[in-house]
Amino acid sequence: MHDVTIIPGDGIGPGISKTIIDILDAAGAPIRWHEHMGGVTAMETVGEPLPQATLESIEGTRIALKGPLTTPIGSGFRSVNVALRKHFDLFANVRPARTMLPGGRYEGVDLVIVRENTEGLYAGIEHFIGMENDPRAVAESVMLITRFGSRRIVRFAFEYALSHGREKVTLVHKANILKYTQGLFLEVGREIAAEYEGRVVFDDKIVDNTAMQLVLDPYQFDVIVTENMFGDILSDQVAGLVGGLGFAPGANLGERAAIFEAVHGSAPDIAGKGIANPTSLLLAACLMLEHLDELDVAARVRSALREVLDAGESLTADLGGSASTDEFGSAIIARVESAVPA
Ligand code: NAI
């Protein structure tokens with residue numbers, strides 16, 4: 001049995017989380033769920049967005065599946081997603097993108113973005129400089145790149161490639177312009193790549209060219225490793241290549257914990273209507289099962305999902321159907337026991 005912390009989240013979160021638990025239970029996943037709160041639900045219930053009990057649970061289980069959490073804009077509490085990444089030093093954000101729905105923009109896309117999750121401009125080191133009567137005349141932000149952080153994310157990408165049967169790692173950067181920060185990232189990348197020579201192919205690409213190449217010919221990519229902001233942007237771009245955020249799962253990984261999540265948000269516009277698509281969170285759950293080495297269960301869930309998508313029945317509204325979250329989930333459950341791993 002694996003102990004897993006589940007944070008259902010808010011908005012559409014509780015509905016899709018329940019569907020995922022039902023599917024994994026039906027698939028025979030050996031998981032003992034520990035349900036905890038975060039975000040708006042926690043704020044309203046216990047007065048803090050990230051309760052100690054939630055942190056302690058993840059410290060114990062070291063694995064969490066997290067539904068979307070609403071982050072108030074402008075004021076209010078800070079993002080719980082960011083707080084969790086910081087607290088557990090989840091330095092690697094892994095976002096696989098694979099075509100699932102036939103008839104989309106591209107068939108057969110299968111690539112992975114490995115994004116550094118703690119440094120770069122998103123480290124949030126910024127300030128204003130006042131001039132004359134304007135206290136905010138200039139805004140400055142620091143792009144923090146460390147040798148340590150670059151080493152561990154590039155090494156992670158190579159190890160990921162090896163353990164997932166992938167052949168190539170492309171390091172994406174802007175070292176032609178940002179010669180110090182991006183230059184250091186590229187320099188470290190090349191050093192680490194040399195250790196994997198003969199086992200994993202390595203190349204590097206400038207980020208703007210990468211954005212274009214992804215649209216022209218996504219098949220040339222396998223694993224992309226990049227710094228925080230480029231990874232944020234490119235991972236949404238590749239989600240677009242395979243049908244949008246509804247098919248995008250994410251894993252936040254570190255030495256102390258692994259947190260798996262849907263990439264989309266809490267969708268307040270459809271919350272409570274029972275029509276949300278649970279696919280993204282289900283794919284995140286599959287990543288979690290694979291992380292736990294429950295490969296057979298993960299493969300059966302993926303097959304059942306693929307069968308439902310291929311059949312084109314029981315699809316939710318965002319996929320052009322009219323099924324509810326429950327109906328979509330039930331269609332997967334009906335297939336999951338007998339599904340043959342692809
Ligand atoms: P969103 O991803 O929640 O929604 C964008 C659009 O996609 C909406 O029209 C929504 O109805 C639709 N959508 C999203 N997920 C769907 C699903 N599973 N099935 C069907 N349709 C779906 O993005 P938005 O509106 O910008 O953010 C809403 C809240 O979510 C914000 O508070 C934001 O901070 C938070 N958020 C949380 C994330 C997380 O917890 N990992 C990630 C992104 C946003």
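We count ligands from 1, going down the list as the structure has it; atoms in each ligand are counted the same way.
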Asker: Which of the numbered atoms in ligand 1 are under 4.0 angstrom from any heavy atom belonging to Ala267?
Answerer: 3 (O), 10 (C), 11 (O), 13 (N), 14 (C)
Asker: Side chains of Ile7 and Leu69: does their closest heavy-atom pair fall under 4.5 Å?
Answerer: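 The answer is yes; the side chains approach within 4.5 Å.
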Asker: Looking only at non-hydrogen atoms, which of Pro68, Ser266, Gly250, Gly265 approaches atom 29 (C) of ligand 1 most closely?
Answerer: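 The nearest heavy atom belongs to Ser266.
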Asker: Below 4.0 Å from ligand 1: does a non-hydrogen atom of Val263 turn up there or not?
Answerer: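 The answer is yes: ligand 1 sits under 4.0 Å from a heavy atom of Val263.
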Asker: Heavy atoms only: which of Leu281, Ile270, Val40, Asn277 is nearest to atom 21 (N) of ligand 1?
Answerer: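 When every heavy atom of Leu281, Ile270, Val40, Asn277 is considered, Ile270 comes closest to atom 21 (N) of ligand 1.
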Asker: For Lys66, counting its heavy atoms only, list the atoms of ligand 1 lying under 4.0 Å from any of them.
Answerer: 40 (O), 41 (N)
Asker: Does the plane of the ring in Tyr196 sit parallel, tilted or perpendicular to the ring in Phe158? Use 30° and 60° as the thresholds.
Answerer: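 Because their plane-to-plane angle is under 30°, the rings of Tyr196 and Phe158 count as parallel.
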Asker: Does any non-hydrogen side-chain atom of Arg95 lie less than 4.5 Å from one of Asp236?
Answerer: yes
Asker: Ignoring hydrogens, tell whether any protein atom lies closer than 4.0 Å to atom 42 (C) of ligand 1; use the non-hydrogen atoms only.
Answerer: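 Given the 4.0 Å limit, the answer for atom 42 (C) of ligand 1 is yes, a protein heavy atom qualifies.
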Asker: Within the structure provided, determine whether Leu309 and Phe328 are in side-chain contact (heavy-atom separation under 4.5 Å).
Answerer: yes
Asker: With atoms numbered from 1 as shown, which atoms in ligand 1 lie under 4.0 angstrom from a non-hydrogen atom of Pro268?
Answerer: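 Matching atoms, with element in brackets: 28 (C).
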Asker: For ligand 1, does Asp318 get within less than 4.0 Å through its side chain, its backbone, both, or neither, judged by non-hydrogen atoms?
Answerer: side chain
Asker: Report yes if some N/O of Thr70 lies less than 3.5 Å from some N/O of ligand 1; otherwise report no.
Answerer: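 Between Thr70 and ligand 1 (N or O atoms, distance only) the closest approach is not under 3.5 Å.
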Asker: Looking only at distances, please establish whether an N/O atom of ligand 1 is found under 3.5 Å from an N/O atom of Ile275.
Answerer: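 For ligand 1, there is no N or O atom that lies under 3.5 Å from one belonging to Ile275.
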Asker: On a heavy-atom basis, I'd like to know which of Ile7, Leu69, Thr325, Asn252 is closest to atom 35 (C) of ligand 1.
Answerer: Leu69
Asker: Is the closest protein non-hydrogen atom to atom 27 (O) of ligand 1 under 4.0 Å?
Answerer: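 For atom 27 (O) of ligand 1 the answer is no, since every protein heavy atom stays at 4.0 Å or beyond.
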Asker: Is Glu327 reaching over with its side chain to a backbone N or O of Ser324, donor-acceptor style, under 3.5 angstrom?
Answerer: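 At least one qualifying donor-acceptor pair exists.
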Asker: For atom 6 (C) of ligand 1, grab the closest protein heavy atom and report residue, atom and distance to one decimal in Å.
Answerer: Asp269 OD2, 4.9 Å
Asker: Tell me which protein heavy atom sits closest to atom 16 (C) of ligand 1, plus the residue, atom name and distance to 0.1 Å.
Answerer: Ile12 CD1, 4.0 Å
Asker: If I apply the N/O under 3.5 Å rule, does Ala276 come out as touching ligand 1?
Answerer: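 Among all N and O atoms of Ala276, none is under 3.5 Å from an N or O of ligand 1.
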Asker: For ligand 1, is any non-hydrogen atom under 4.0 Å from Thr71's backbone (N, CA, C, O), its side chain (CB onward), both, or neither?
Answerer: both
Asker: Taking a cutoff of less than 4.0 Å between a non-hydrogen atom of the residue and any ligand atom, is Ser280 in contact with ligand 1?
Answerer: no
Asker: Looking just at side-chain N and O atoms, do Glu294 and His2 make a donor-acceptor pair shorter than 3.5 Å?
Answerer: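 The criterion, which ignores hydrogens and geometry beyond distance, is satisfied for His2 and Glu294.
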Asker: After noting the C-alpha distance and the side-chain angles of Ile12 and His264, does the key distance pass the side-chain contact (heavy atoms from CB on, under 4.5 Å) rule?
Answerer: CA-CA 10 Å; Ile12 59 170; His264 60 71; 3.6 Å; yes
Asker: Please tell me whether Asn277 and Thr279 have a donor and an acceptor in their side chains that are separated by less than 3.5 angstrom.
Answerer: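 Yes, because at least one side-chain N or O of Asn277 sits under 3.5 Å from a partner of the opposite role on Thr279.
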Asker: Distance from Thr210 atom OG1 to Asp204 atom CG, nearest 0.5 Å?
Answerer: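 These two atoms lie 9.0 Å from each other.
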Asker: Indicate yes or no: does Lys174 engage Glu227 in a salt bridge with an N to O separation below 4.0 Å.
Answerer: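 Result for this pair is no, no salt bridge flagged.
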Asker: Which atoms from ligand 1 have a heavy atom of Glu261 less than 4.0 Å away?
Answerer: 41 (N)
Asker: In Å, rounded to the nearest 0.5 Å, how long is the span from CD1 of Ile63 to CE of Met288?
Answerer: 7.5 Å
Asker: Which residue holds the protein heavy atom closest to atom 39 (C) of ligand 1, what is that atom called, and what is the gap in Å?
Answerer: Asn81 ND2, 3.2 Å
Asker: With heavy atoms only and a cut-off of under 4.0 Å, state how Ala317 meets ligand 1: side chain, backbone, both or neither.
Answerer: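 The answer is neither.
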Asker: Under 4.0 Å from atom 3 (O) of ligand 1, is there at least one protein heavy atom?
Answerer: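 Protein heavy atoms within 4.0 Å of atom 3 (O) of ligand 1 - there is at least one.
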Asker: Is it possible for you to say whether Ile153 and Val169 belong to one hydrophobic cluster, with membership spreading through side-chain heavy-atom contacts below 4.5 Å?
Answerer: yes
Asker: Quick check: do Tyr122 and Val82 have side-chain heavy atoms less than 4.5 Å from each other?
Answerer: no
